[in-house]
Amino acid sequence: DFVESEFFVIDGDSLLLMFLDEKTQYLNFFYQIECFLQDFTEKGAKYVIAFFKDAEQMYFQYPCFLFLRTALIEHLRHNTSITVHTEFSNCLSSQWELFLKKSYPYFIIVSDIGLSSLQTDYLSILIAHSLSKKINVVLTSGQEYDILRVYGYHVQSVYKHRLFFAKVSYTTSLSYKEPFMCLYGHFKLSLKSVQEEVHQSVHLLKKLWPEGSDIRRVLCVLACAVGLKVYSNVTNCLNISKPLYPEEAADLCRMQCLAVTFLLRVPLSQRAQIRIMKSCWTKQVLPLIKMVYVALSYFPCHRVQLLIQFSFSFILKSDLVEDYAGDVLKDLPVLKSNDPAVTSLTKYKEFDELRHWHSGRPLTEEYERVACTADAKSKDPAERRQIQKLQAFHQFFGSTLEDSTSKLIVLQEDASGSANAAVKKTQKKHVTKEEKKEEEQWKALCAQTEKEIKADMTVGINKLEKLLKKLKSKSVKFSVEMTGLSVCLEVWKEHCRTQGNEDKDLGKAVQVMRRIHILLEKYQDMLEKPHLEKLTKCLRYLGFENLACSLSGKKISNYAIKVGPARFQLQYMDYYLLREERHDPDPRVQRFIPDTWQRELLDAVDNNESAVIVAPTSSGKTYASYYCMEKVLKASNEGVVVYVAPTKALVNQVVGTIYSRFTKKLPDGLVLCGVFTRDYRHDIVNSQILVTVPQCLEILMLSPRCQKWAKRIQYVIFDEVHCLGGEIGAEVWEHLLVTIRCPFLALSATVSNPEHLTAYVWNFLADKSIFKQDMVNHVSIILGSTLHNLSLSPRESIQLYDTMVKVWQAWPRAQELDPEAFVSFKNKVVIKKADVRKYEQELKKELSKWIALGQRQKVNQLLEHLKPKPVDCSENEKWKHFASFVNKLHEMNKLPAIFFMKIFYRLRFERRGYLHRRLALRGIGYHHASMASKERQVVEMLFRMGYIKVVTATSSLALGINMPCKSVVFAEDSVFLDALNYRQMSGRAGRRGYDMIGNVFFYDIPMPKVERLMKSNVPELKGQFPLTISLILRLMLLAAKADDKQDAKAKALSVLKHSLMSFRKERYAQILKIYFMFSLQFLIKEGYLDQEGKPMGFAGLVTHLHYHEPSNFVLVSFLEKGLFHKLCQPIKGSTVFSEGVLEKLVLILANLFGRKYLPACSVKYKRTFCQSKVFLEDLPEDFAEAVNEYNTKAEENFAHFLLTTAKLADMEQEYRLPLSKTDFTSKSWHGSELVSYLTDTTKSVSAVSPFACVSGMIDDDLFLGKNINKAVLRSLGINVTNCPLLYLKKYDNQGRRQPLNAYALDFYKHGSLIALTTDNWLNEGDAYYALKEFVLIIKSIGTSLSELCDDPNDNVLLAFQQLGKIYAEKLDCIT
């Protein structure tokens, strides 16, 4: 997932090896490489390509590949904007090391296998060296991509890599041999002599070729000329039997020239139709071909022609299909209802009759299958106690999140006007009483506070500020501030007297000035003449005469600071400077005065409007969501608010906050808050606030039986909405946005294009075919106090100015931009952050002008001055000093802190509580995804309560978990530390209301990476491919089974018509319609829908397993073919199954639902596995045949889809190379007699990329999944990931098989989670959640089968139930 921070390197030779294939024509080879690079570029990647000089030697045995390598380097250099490095001799050279140190790439893409064993060793050295230099490695093997991302296997650099390389002694001197090429098995031809011959021939031919000649013609003539000359020299020297005579060789070269001329005239797409030519003297020609480095064009071998004629095997009578894709349907051929292809679609009837099953019987709702922890409707005393315990825990957990007391919610209709008046009267009395109480409290504390400030200013001021936060009366607060000012001034005077002429601690003066700022800003209306005189006196004491004059009078002081007032405020007060704040309270907010953007947000909620809120972490976004909940709770007992959080941890946090904030008396059976995650649920439809994750809300929104509940939803709150552009499940957020029928709030700190999101929402709300009347009148974007990525603190602005003066002493604007003379600062007692921002912008503008004025050298000098000097020391030293570093943070009062690091890597494999307890007693905790949720919650609570001061964490804390801290430390680099995670993690530091400022520290992270992280942008929201066949089946099921047909149809249309991917892209909208039609065709042919679009057969079972397409369809085909009934035979005379049967069943399910691929190189990994088999065995033969049959149908359906969509491709774009934009459109081609004789017109090339045609690919090749990515028309934006194929065997670019990880079967056999971490290459957290998911699937299948089957003793049903029980018990043993 590339954003600006991730700069990486691609090894050029590895790039070459990815696409080298003797059958691939050269132009197609360049096309494939450009597609690969363009895909990175379009995703916003920043990369360079490096070709090492020494690597060239690896190709001397492969002349045509050496030619390709040279051509590729030149092409990328001259025709693209990519930086190509060829200056490094090898990876051990000092220049390469310097390059790595300066640029510090995020990772290097390298191949782990070469053309020869020598090249493989060479690449292994590159991998080992990169890891030793802390550079992560990404393998070229097994890379895949979709619209938003590229997926690949990575090796993360760890300490043992550095240790290993340190032990190895190596030399950088490589012996260079004379490059040569073998001919006739023994004759060595010097390549140097060929090179000289080329130079001579070029010199002679230059005189002959006309100005502006085509380089392809020149190359052809040159290659033939040199080849003939060298060939005649060789044959004269050697005694060869049956040589190719000179005249024959010359004829061959003439034919080569003729072929090139012919090909240059024929359009690319027609080259696939050229007939096959054969020659009987290829063996004799081979040496000649080798000599010229260029092999003659390879013609495709003959293949059987498939007749591409297809039609839709159904008549559709569905309103939904007609409304959505009617315009596409009219252009597609449709069969009549009495056609044999239509009447044969009744295969499930036979299965049902044979096995006593009811495959079409409606299944229980998906949400009903999730374990219910406790439900308010329950009458069972034990369950009621469980509910009380749970609520008590949530309230306690919530109390650690915020210190507010729970608010009793009263329905608005219950409160009459007279009651309101009485309340107001009581409040007034209460306020005067409260004020008197606070005055007495301050009188009692005043002397003690003064004493504490004098004893230790920092501690005393902290206590003073805590007291100010608790006080509500403005007059009492004013008295406290005035007292604080007097004491701070006394402390400063005493300090000056004791220090005499020595340097003074200006931190004490800062506190005096800070109190003056607060008094002038917040209590202006309460300042009388004596107070103003006191402030003037203080300013004089500090030596700010000009500021004092602006208040009154004149006199010089002995306690002067001897620093200008503006410089003092910027440099020393720094973050204490006040920001622009409003002083008018808002009756809707009790605890603080909200900013303008927060008021806009509350107004939006009051007006029932939707809003997209983008504001920094901890700026108070979530306040509005709780205000929204309160509003709905007050309005009625029926209204529902749904809070959508991306993770379970965040769900628990929100539930805790709700219980802590609100209490409400509700009728029996109704509760305040319900929860729905994939692991547990309670009170889904009988709660007023439902807290859930996106996938679970989607289940409810698309459920025909939940329509009534969905209509009660008044508001939906999407927290961390940037997950809309996330990795897995991003399309679910889209579905929710378009299926809800109420206003929403979308909150995020990291969305860089909120305008695009709101425009997208506006677009579907304006669709009158879905919304018959205006549903929501407004969607606003509310931007919080966002700062520019590189905004400077006041102190840094002064530092920048001072450095500018130092670097350019004759700088013309030095006086004008001096802080004392700057227009926004002059004679200002209170300089605010907004004033400093103007100063900062002016300095930055000036710096840009320096570059325009040709002072770039001075700018570089300035940057060098400002750059921090990192301390370099050995690996051991770094971690020896780590404890001292933590101690230093403690001394600097920078704790509590969160450390994002890998140092506690070993602890990730521990699930024992005693370790946690021992660490917690020392004020240390750790937090990561592998921990049990209760353990995580304990750490979070102890941290918030102040008992734990140091927490080490992974990115599990990045998403919105409320753990306020003073500092965030990034210790050790990680492959997961990217721009988005950096923004999210660093947002934990300095929460509003806790600290004045947050601190971010980098420990052992190289400077280039730090720079990129700080400069990087957050990613933009982009759409995924939104449709899958399972989703389409779910939508058809909703439309058919819903009570409110109109509402169901509107929801289904919303999902189909309004995807983020097709927003403002008409071509994609049409492609999705065609994909929808072909998906329907597939579903009808497979018997999941009838001709009217109504679900039938095993449609229910398939939709319950929609997370696992295409395995859900394959499972049904196994059932329907009777394969499970054949396998599941119990031990004679019992209903128990043997271990062998159950193991085979796990093997089959692991092949379907436990599909984690390992890289191809893992098979050759020299390591003995202790307990696991690691590599999953193949499916039994009969099951494999069923998968192949399914794949053939899926491929055929997808190929027809591609053939139909081909008409939407941009053919002008298709004839250009994607990156260099080199155009290969054929100019004025009219055909000829010779061409028509040489071409085979039965080969169709309408839907294949013209560049793929050059390698002989035709439309028939689209019927094989492995060819789709190579052949598909690029402008359609479709690839093989959109085709629901279940690969029995998967191969990487080099044709090596990628094995499946056998973790699910291995665990069933040995029951050890540790073994999965040591043998199966899984970390413990991932392994645990993968196994948990696997158990859920077995149980879900078991539940579905029990509902579909009338016979409780059916063998398949019993086998699944038995297996689910055994597997769950094994998993329970480890938790």
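- Between Phe568 and Phe544, the ring-plane angle classifies as tilted under the 30° and 60° cut-offs.
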Contacts under 3.5 angstrom, residues 513-521 side chains, donor-acceptor by atom type, not counting sequence neighbours:
residue : atom : partner : partner atom : Å
Arg514  : NH1  : Glu465  : OE2          : 2.6
Arg514  : NH2  : Glu465  : OE2          : 2.8
Arg515  : NE   : Glu481  : OE1          : 2.7
His517  : NE2  : Gln569  : OE1          : 2.8
His517  : NE2  : Val829  : O            : 3.2
Glu521  : OE1  : Lys832  : NZ           : 2.6
Glu521  : OE2  : Lys832  : NZ           : 3.4

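- Between Ser797 and Leu792, the shortest heavy-atom distance links the atoms OG-CB, 3.9 Å.
- In this structure, the side chain of Gln688 engages the main chain of Gly639 through a donor-acceptor pair within 3.5 Å.
- For the pair Gln511 (side chain) and Cys488 (backbone), a donor-acceptor distance under 3.5 Å is absent.
- What you find for Trp492 and Ala509 is that their closest heavy atoms are CE3-N, 3.8 Å.
- Judged by distance alone, the side chain of Glu842 and the main-chain N or O of Leu817 form no donor-acceptor pair under 3.5 Å.
- The pair Lys463-Glu452 meets the salt-bridge criterion, with a side-chain N (NZ, NE, NH1 or NH2) lying under 4.0 Å from an Asp/Glu carboxylate O.
- Inspection of the Glu450 and Thr483 side chains reveals no N or O donor paired with an N or O acceptor under 3.5 Å.
- Enclosure of atom NZ in Lys833 by more than 12 non-hydrogen atoms of other residues, nucleotides or ligands within 6.0 angstrom is indicated.
- Counting all heavy atoms, side chain and backbone alike, Ile948 lies closest to Phe943 at O-CD1, 3.3 Å.
- A side-chain donor-acceptor contact under 3.5 Å links Thr449 to the backbone of Leu445.
- A salt bridge between Arg497 and Glu494 is present, with a side-chain N of the basic residue lying under 4.0 Å from a carboxylate O of the acidic one.
- With Ser967 contributing its side chain and Lys894 its backbone, the two residues share a donor-acceptor pair below 3.5 Å.
- The neighbour count for Lys443 NZ, taken as heavy atoms of other residues, nucleotides or ligands under 6.0 Å away, does not exceed 12.
- Looking only at distances, no side-chain donor or acceptor of Glu940 sits under 3.5 Å from a matching main-chain atom of Met963.
- You'll find the ring centres of His531 and Tyr523 outside the 6.0 Å limit.
- Between Phe718 and Phe744, the ring planes are perpendicular. Angles over 60° get that label, and only those under 30° would be called parallel.
- Between Glu840 and Arg837 a salt bridge is recorded (basic side-chain N to carboxylate O distance below 4.0 Å).
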When you look at Asn893 and Lys966, which way does the side chain to side chain contact (heavy atoms under 4.5 Å, CB included) test go after all the steps?
-> CA-CA 9 Å; Asn893 195 28; Lys966 283 191 178 176; 3.2 Å; yes
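- Within 6.0 Å of the NE2 atom in His495, the count of heavy atoms belonging to other residues, nucleotides or ligands exceeds 12.
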